[in-house]
Asks: 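Starting off with a structure, shown below.
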Protein chains: 2
Amino acid sequence: MMTTISEIAQKAKVSRTTVSRVLNHHPYVKADKRDAVLQAIQELQYVPNFNAVHLSKGRTNVLGVIVPKIDHPFFSQLIAGIGEVCNRYRYSLLLHQSNNDLNQELHFFNQLKYKLVDGLLLGSAISPPHVLDELSNYGKIVCCEASGCDKMASVSVNHEAGIQLALDHLREQGHQNIGLCIGNAKSGVGIKRAQAFFQYQQNYQLGWNASWYFDGNYTIEDGIQVARQLFRQSHRPTAIVVGSDYVAAGILYEARIQGIPVPDGFAVIGFDNQPISEVVELSTIDQPIVELGIMAAELLFLQLHDQQVSSTNQLNLKLIQRKST
Amino acid sequence: MMTTISEIAQKAKVSRTTVSRVLNHHPYVKADKRDAVLQAIQELQYVPNFNAVHLSKGRTNVLGVIVPKIDHPFFSQLIAGIGEVCNRYRYSLLLHQSNNDLNQELHFFNQLKYKLVDGLLLGSAISPPHVLDELSNYGKIVCCEASGCDKMASVSVNHEAGIQLALDHLREQGHQNIGLCIGNAKSGVGIKRAQAFFQYQQNYQLGWNASWYFDGNYTIEDGIQVARQLFRQSHRPTAIVVGSDYVAAGILYEARIQGIPVPDGFAVIGFDNQPISEVVELSTIDQPIVELGIMAAELLFLQLHDQQVSSTNQLNLKLIQRKST
DNA sequence: GCTTGCTCTGAAACGCGTTTCATACCCTAC
DNA sequence: GTAGGGTATGAAACGCGTTTCAGAGCAAGC
């Protein structure tokens, strides 16, 4: 029992074309006809069916976003930034949680092929480059980390600079033996951070031992485990760089339990500047995550409006010193 | 240059109807024709246009979710739960961030009217009941807190029970003078919690002073301010119930700064059991937020499949005792 | 007076699947 | 032998807007 533009047209004694023009604010409609149409819309309580609009226009004004885990603070902030831009442009946001599952990811990519979204924002992507390459034939894509695919633009945090900030700071505090703890060692972020770390280590002749390295850590609980392994070692580092504030908070927690004085006995520096780092007084590398989302979305909109954009974009980081270093 | 089912039909020497049947796994298609169609789909690299599907089917297999702020941990967990269910049912999620702005909210509600989503999940709603009432004529809606609209189902946390758990626990620890700190005093949650608190207070003859009440607090920083105001008072409560772990963490932080011993000098209990509560050793009332999202989404799917559901649903809470009480 | 160029309007085609309905075939049951 | 019922297929209508194109009206320019 939906009202359609045909009924409006009939009631207002104009053609469907004219109704469509009124709805789309086309200038060539005389005032009297416009008023008649608007009145009919009122009286019949017309509500447009946007599936028809999308079909005929060939676009949907929807952006797709895929992330591994919505409730990870990094991604929820990223989405928040993207959402803000979408609101500004009156676009909607189609969100998908992949759980780092390749099938889920591929399934979501179809939304672009199926014309359900006008563009795609990749919070993370585990698909091989050739898949992304093929996908980019179907629409514009922006990746929130270096994608390894030159057909799509990317925005990312300057991980090298971040690691360097952290290490410069620790060296200034007199540390020479510094451990590393990251999340997914195989993700772009993980690889970049590890590379930058070991490069720096070599450049500055820092001490090293394989048992000072940890990966696959994401939670507070993980941090506690890392700390236990670390503090068990007789020859241990005097500081550690940690890829996540949550993990770092776990390490601080365990240090307190074991009575190891921070920062004098052991220093910890995290990444992200999540709210948690404030209460546990953790030094950290602040990542402008919301801004990252905003920038990624803006880049996508530029491309949707046929503007050229530079394909790699980096955001800068800053050091926030608190009492853990 | 899109391939359409017509081209497939031509190539496979069948009708469009048959192609449609193959795509929809309709049983009445002979194997040889089905194969011919599938082959043509392969060769022409056919990709369906789902806007056309949505238009003719009258549904989109998309759920809408609206929340005030995506990166608030409560809502990101809620969305994560919803997203999980959506993945299970192969539905997509259209997400909107309202920033508690009524216009944003109304704008998003149109997605249901416009037939862009099959159902709506309200993470929060500030619209008056009559708006929600009218909206529910356009599709199924589930609200994640008591909505005040009897036409839609709701799932919510049992706030009364939560407050009671917290207060029972504090009384057991010998507290008689207990403060209260909540977020939005005008939201459903805020009202419920305050009511339950004051009811309990009266029932058990607890001490009270108007300066022991705080609202509009959401962040760690807010918590620090609350603590400062609190600790300035000569006649102050011996414990406080706080509606958010973040705010509670701020209070604990300030207590430490001021050298007030916790829990002996002052006890704090939070709500949510966010990760932060673990590292700061905060006692808290655990809210099953992800489960709340899952349940809300499940309820919506039940309704989309024409099943009756009970209109009010509550989830239970549990006390997590740590070192702050 | 006639061309040029806007303004305004509607018929028809288009975007692309799905669904209905009619038809035809085949087998089983009586 | 034939009525009944399942299987298989296609033509045409349908869902509902937008866009193209052609044409009419009207004013300004020469």
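Quick note on labels: first sequence line is chain A, next is B, and so on, each numbered from 1. Treat the numbers as computed from the prediction; the structure is a model and nothing was measured. Keep in mind that the numbers below use all heavy atoms, side chains included, and drop hydrogens, waters and symmetry copies.
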Asks: With sequence neighbours excluded, what pairs up with B:Lys69 under the salt bridge (Lys or Arg N to Asp or Glu O under 4.0 Å) test?
Replies: B:Asp71
Asks: Using side-chain hydrogen bond (donor to acceptor under 3.5 Å, both in side chains) as the criterion, list what pairs up with A:Ser56, not counting sequence neighbours.
Replies: none
Asks: Strictly under 3.5 Å: I want the nitrogen or oxygen pairs between protein and nucleotides 16-20 of chain C, one per line.
Replies:
| unit_1 | atom_1 | unit_2 | atom_2 | d |
| --- | --- | --- | --- | --- |
| C:dG17 | OP1 | B:Tyr46 | OH | 3.1 |
| C:dG17 | OP1 | B:Asn49 | N | 3.3 |
| C:dG17 | OP2 | B:Ile5 | N | 2.9 |
| C:dG17 | O5' | B:Tyr46 | OH | 2.9 |
| C:dG17 | N7 | B:Arg16 | NH2 | 3.4 |
| C:dG17 | O6 | B:Arg16 | NH2 | 2.8 |
| C:dT18 | OP1 | B:Asn24 | ND2 | 3.2 |
| C:dT18 | OP2 | B:Ser20 | OG | 2.6 |
| C:dT18 | OP2 | B:Asn24 | ND2 | 3.2 |
| C:dT18 | O4' | B:Ser56 | OG | 3.1 |
| C:dT18 | O4 | B:Arg16 | NH2 | 3.3 |
| C:dT19 | O4 | B:Thr17 | OG1 | 3.4 |

Asks: Between the two ends of the helix from C:dG1-D:dC30 to C:dC30-D:dG1, what is the bend in degrees, rounded to 10 degrees, where each end axis spans five pairs?
Replies: 40°
Asks: With sequence neighbours left out, write down each residue that passes side-chain hydrogen bond (donor to acceptor under 3.5 Å, both in side chains) with B:Asn49, or none if nothing qualifies.
Replies: none
Asks: Whole angstroms only, please: what is the NZ-C1' distance between B:Lys13 and D:dT9?
Replies: 17 Å
Asks: B:Gln287: which residues meet the side-chain hydrogen bond (donor to acceptor under 3.5 Å, both in side chains) condition with it, sequence neighbours left out?
Replies: B:Asp272
Asks: Whole Å only: how far is the CZ atom of B:Arg34 from the P atom of D:dT7?
Replies: 13 Å
Asks: Pair up each side-chain donor or acceptor in residues 301-312 of chain A with any protein partner under 3.5 Å, not counting sequence neighbours, and list the distances.
Replies:
| unit_1 | atom_1 | unit_2 | atom_2 | d |
| --- | --- | --- | --- | --- |
| A:His305 | ND1 | A:Phe301 | O | 2.7 |
| A:Ser310 | OG | A:Asn313 | OD1 | 2.9 |

Asks: Working note: B:Lys115 + B:Thr60, criterion side chain to side chain contact (heavy atoms under 4.5 Å, CB included); need CA distance, chi angles, decisive distance, verdict.
Replies: CA-CA 8 Å; B:Lys115 296 195 167 281; B:Thr60 56; 5.9 Å; no
Asks: I'd like to check the ring-ring contact (aromatic ring centres under 6.0 Å, His included) partners of B:Tyr138; sequence neighbours left out, ordered by chain and number.
Replies: none
Asks: Could you work out, with side-chain hydrogen bond (donor to acceptor under 3.5 Å, both in side chains) as the rule, every residue matching A:Asn158, not counting sequence neighbours?
Replies: A:Gln314
Asks: Determine: side-chain N/O of B:Tyr28 to OP1/OP2 of D:dA8, distance under 4.0 Å, yes or no.
Replies: no
